Amino acid sequence: MNGYLFSQFIDKGPEKSVFDQLLDLFLELSVYTNGDVEETFSWMKEIDDEYHITTPDYTLADFRRDLEQKGYLQVPSSGTPQLGAKAEQSIRKRAFDQLFGQLKKGASGQHQTKFSGNGDEINNELRPFQFGDKLEQISMTDSFRNAQKNHGIDEFRMLENDLEVFDSQHSAQMATVLMIDISHSMILYGEDRITPAKKVAMALSEFITTRYPKDSLDVVVFGNDAWQIDIKDLPYLSVGPYHTNTVAGLELAMDLLRRRRHANKQIFMITDGKPTCIKENGQYYKNSNYGQDPKIIGKCLTLAQQCRKLRIPITTFMIARDPYLQEFVEQFTETNQGKAFFTGLKGLGDFILADYQKNKRRKL
């Protein structure tokens, strides 16, 4: 636990109960421990010994019991406690609030387009009826009023020209693939990059699934190879003894998007930078030297260009500020004409946006 500062989650104000304070700490620590409940409670005991959060009337044992009763913890027949679905969702929501706290969630959250007509988002503007309009779009009050004005009350009749309908806005659905780097460099030199990477991933997944519920979201992790995981598995991600095969991640992401019928597609990639591995004829070709391997980089840039031709923008979240690692992200994003967000490990919500499509850089 050395090197982490959790005192910001200790709130002695009267507005928070001991349970709520402990819950905040428990959910935060669970991200660092990859969902290991026993390790989380071990850390909590150390923090409680220093900050005295619990009281004689409410101990960590009481807190554990309440977690089980409220559905945050599950204890299967094996006896090993696990995070419940309620805890997993709460962790994702906390990550969303930490990164996107200023944004408000909408009920349906569609991506609006400039096209109006026979769309699927009805607004309050009226227009004359057109062939193909849906019956539920007709404004009966305004249509009856028009019929009375045009034909009188004695010989009342309603014609097509009398009908008025509520206009509607077309909305677009988006297919998104979220790529997460779990290579060994994400914990290299004592730097914990995987925890902020998980927070960004959970925040993005919570944002997409709540704000845009009609969109599709697939999650891909990549090390020596790439494979798909469920959204609920994000808190449990850990780094492996892997190199960074960005090519495998991109190929899987493009394959998943190819199966989606959405008109709009995009890729979010969370990484600490330089790819170091590709797979050729069943064999791994690896190069972890300080510089960039032209063979590996070339394949990555080729895929970035292919995505650009397919109109698949790639938004990269760079969880590091090392200049030599940023060099690849800059080159990759420029090739794709996408966006890149650069952030350090301490100020996770403090992003530098590089938008190559509009040739702009700004601090968020």
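Positions are given from 1, in the same order as the sequence printed here. Below, each value reflects all heavy atoms present in this structure, side chains not excepted, and no hydrogens, waters or symmetry copies. Nothing here was measured: the structure is a model prediction, and the numbers come from that model.
- Taking hydrophobic clusters as Ile, Leu, Val, Met, Phe, Trp and Tyr residues chained together by side-chain heavy-atom distances below 4.5 Å, Tyr284 does not share a cluster with Leu252.
- With Thr195 contributing its side chain and Asp192 its backbone, the two residues share no donor-acceptor pair below 3.5 Å.
- Residue Leu83 holds its CG atom at 13.0 Å from CD of Gln89, rounded to the nearest 0.5 Å.
- Sorted by first and then second residue, the side-chain hydrogen bond (donor to acceptor under 3.5 Å, both in side chains) pairs involving residues 230-240 (not counting sequence neighbours) are Glu88-Tyr236.
- Surrounding CD of Gln69 are more than 12 heavy atoms belonging to other residues, nucleotides or ligands, all under 6.0 Å away.
- When all heavy atoms are compared, the tightest approach of Val329 to Ala340 is CG1-CB, 3.9 Å.
- In this structure, the separation between NZ on Lys274 and CG on Asp293 is 9.0 Å, given to the nearest 0.5 Å.
- One side chain, Gln98 or Glu28, offers a donor N or O that lies under 3.5 Å from an acceptor on the other.
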* May I have the step-by-step check of side chain to side chain contact (heavy atoms under 4.5 Å, CB included) for Ile270 and Met179, ending in yes or no? => CA-CA 6 Å; Ile270 304 172; Met179 292 174 50; over 6 Å; no
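- Side-chain contact between Thr246 and Ile296 is absent, with no heavy atoms from C-beta onward closer than 4.5 Å.
- Between the side chain of Lys279 and the backbone N or O of Asp225, no donor-acceptor pair lies under 3.5 Å.
- No donor-acceptor distance shorter than 3.5 angstrom exists from the side chain of Thr316 to the backbone of Met318, with no hydrogens or angles considered.
- Annotation for Phe332 and Ala304: closest pair CE1-CB, 3.5 Å, computed over non-hydrogen atoms.
- Within the 4.5 Å cutoff, the side chain of Arg211 has no heavy atoms near those of the Glu206 side chain.
- A search for side-chain hydrogen bond (donor to acceptor under 3.5 Å, both in side chains) contacts involving Thr244 returns Ser183, not counting sequence neighbours.
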* To do: Just do the side chain to side chain contact (heavy atoms under 4.5 Å, CB included) check on Asn287 and Thr276 with the steps written out, would you?
  => CA-CA 5 Å; Asn287 186 349; Thr276 59; 5.8 Å; no
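- When the side chains of ILVMFWY residues are joined at heavy-atom separations under 4.5 Å, either directly or via intervening members, Trp227 and Leu234 end up in a single hydrophobic cluster.
- By the 6.0 Å and 45° rule, Lys295 stacks over the aromatic ring of Tyr285.
- With sequence neighbours excluded, the residues satisfying ring-ring contact (aromatic ring centres under 6.0 Å, His included) with Phe144 are Phe156.
- Smallest separation of non-hydrogen atoms from Val221 and Ile229: CG1-CD1, 3.9 Å.
- Remark: of the listed residues Thr176, Thr315, Asp215, Thr176 is the sole one forming a side chain to side chain donor-acceptor pair (under 3.5 Å) with Gln266.
- Side-chain atoms of Asn264 never come within 3.5 Å of backbone atoms of Met174 as a donor-acceptor pair (strictly under, hydrogens ignored).
- For Phe26 and Phe41, the ring centers sit closer than 6.0 Å to each other.
- In this model, a donor atom of one side chain and an acceptor atom of the other lie less than 3.5 Å apart for Ser17 and Asp20.
- Tyr242 and Asp181 form no side-chain donor-acceptor contact under 3.5 Å, judged by distance and modelled atom types alone.
- Panel note: side chain Lys198, backbone Pro235; a donor-acceptor pair is recorded below 3.5 Å.
- In this structure, the separation between CG on Leu256 and CG on Leu178 is 11.5 Å, given to the nearest 0.5 Å.
- When side chains are defined from C-beta on, Pro313 does not count as touching Lys339, because their heavy atoms never get closer than 4.5 Å.
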* Assess whether salt bridge (Lys or Arg N to Asp or Glu O under 4.0 Å) is satisfied between Arg260 and Asp218, documenting all intermediate values. => CA-CA 10 Å; Arg260 298 292 184 181; Asp218 297 294; 3.1 Å; yes
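- Each side-chain hydrogen bond (donor to acceptor under 3.5 Å, both in side chains) pair with one or both residues in residues 142-153, not counting sequence neighbours, appears once here: Ser139-Asp142, Asp142-Arg145, Asn146-Glu164, Asn150-Asp162, His151-Asp162.
- Counting only heavy atoms from C-beta outward, the side chains of Pro275 and Asn245 never approach each other to under 4.5 Å.
- A centroid separation of 6.0 Å or more is found between the aromatic rings of Phe342 and Phe317.
- The two residues Gln326 and Ala320 make their nearest non-hydrogen contact at NE2-O, 3.8 Å.
- Residue-environment remark: NZ (Lys299) stays at or below the threshold of 12 foreign heavy atoms within 6.0 Å.
- Note that CE of Met254 and SG of Cys307 are 4.0 Å apart. Values are rounded to the nearest 0.5 Å.
- At least one donor-acceptor pair closer than 3.5 Å links the side chain of Gln337 to the backbone N or O of Glu334.
- Between Val219 and Gln228, every side-chain heavy-atom pair lies at or beyond the 4.5 Å cut-off.
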* Please test Leu301 against Gln331 for side chain to side chain contact (heavy atoms under 4.5 Å, CB included), starting from the C-alpha separation and ending with a verdict. => CA-CA 8 Å; Leu301 297 181; Gln331 191 177 6; 3.4 Å; yes
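- With rounding to the nearest 0.5 angstrom, the CE atom of Met140 is 7.5 Å from the CG atom of Leu163.
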Side-chain donor-acceptor pairs under 3.5 Å in residues 59-67, sequence neighbours left out?
unit_1 : atom_1 : unit_2 : atom_2 : d
Thr59  : OG1    : Ala61  : N      : 3.3
Thr59  : OG1    : Asp62  : N      : 3.3
Thr59  : OG1    : Asp62  : OD2    : 3.2
Asp62  : OD1    : Arg65  : NH1    : 3.1
Asp62  : OD2    : Thr59  : N      : 2.9
Arg64  : NH1    : Glu38  : OE2    : 3.4
Arg64  : NH2    : Glu38  : OE1    : 3.3
Asp66  : OD2    : Tyr58  : OH     : 2.6

* When you look at Asp24 and Phe19, which way does the side chain to side chain contact (heavy atoms under 4.5 Å, CB included) test go after all the steps? -> CA-CA 9 Å; Asp24 284 345; Phe19 173 82; over 6 Å; no
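- A donor-acceptor pair is defined here as one N or O able to donate and one able to accept, closer than 3.5 Å; no such pair exists between the side chain of Asp272 and the backbone of Ile319.
- Using a 4.0 Å cut-off between charged side-chain N and carboxylate O, Arg258 and Asp255 make a salt bridge.
- Looking only at side-chain heavy atoms (C-beta outward), Ile180 and Val220 stay at 4.5 Å or farther from each other.
- At least one side-chain heavy atom of Lys45 sits under 4.5 Å from a side-chain heavy atom of Asp49.
- Counting heavy atoms from C-beta on, the side chains of Asn34 and Leu237 never come closer than 4.5 Å.
- Under the 4.5 Å side-chain heavy-atom criterion for ILVMFWY residues, a single connected hydrophobic cluster contains both Leu310 and Leu257.
- The salt bridge (charged side-chain N to carboxylate O under 4.0 Å, His left out) check on Lys286 picks up nothing, with sequence neighbours excluded.
- The distance from atom OG of Ser30 to atom CD1 of Ile91, rounded to the nearest 0.5 Å, is 4.5 Å.
- In terms of heavy-atom proximity, Thr271 sits nearest to Met186 at C-SD, 4.5 Å.
- For the residue pair Gln305 / Asn336, no side-chain donor-acceptor distance below 3.5 Å is found, with atom types taken as modelled.
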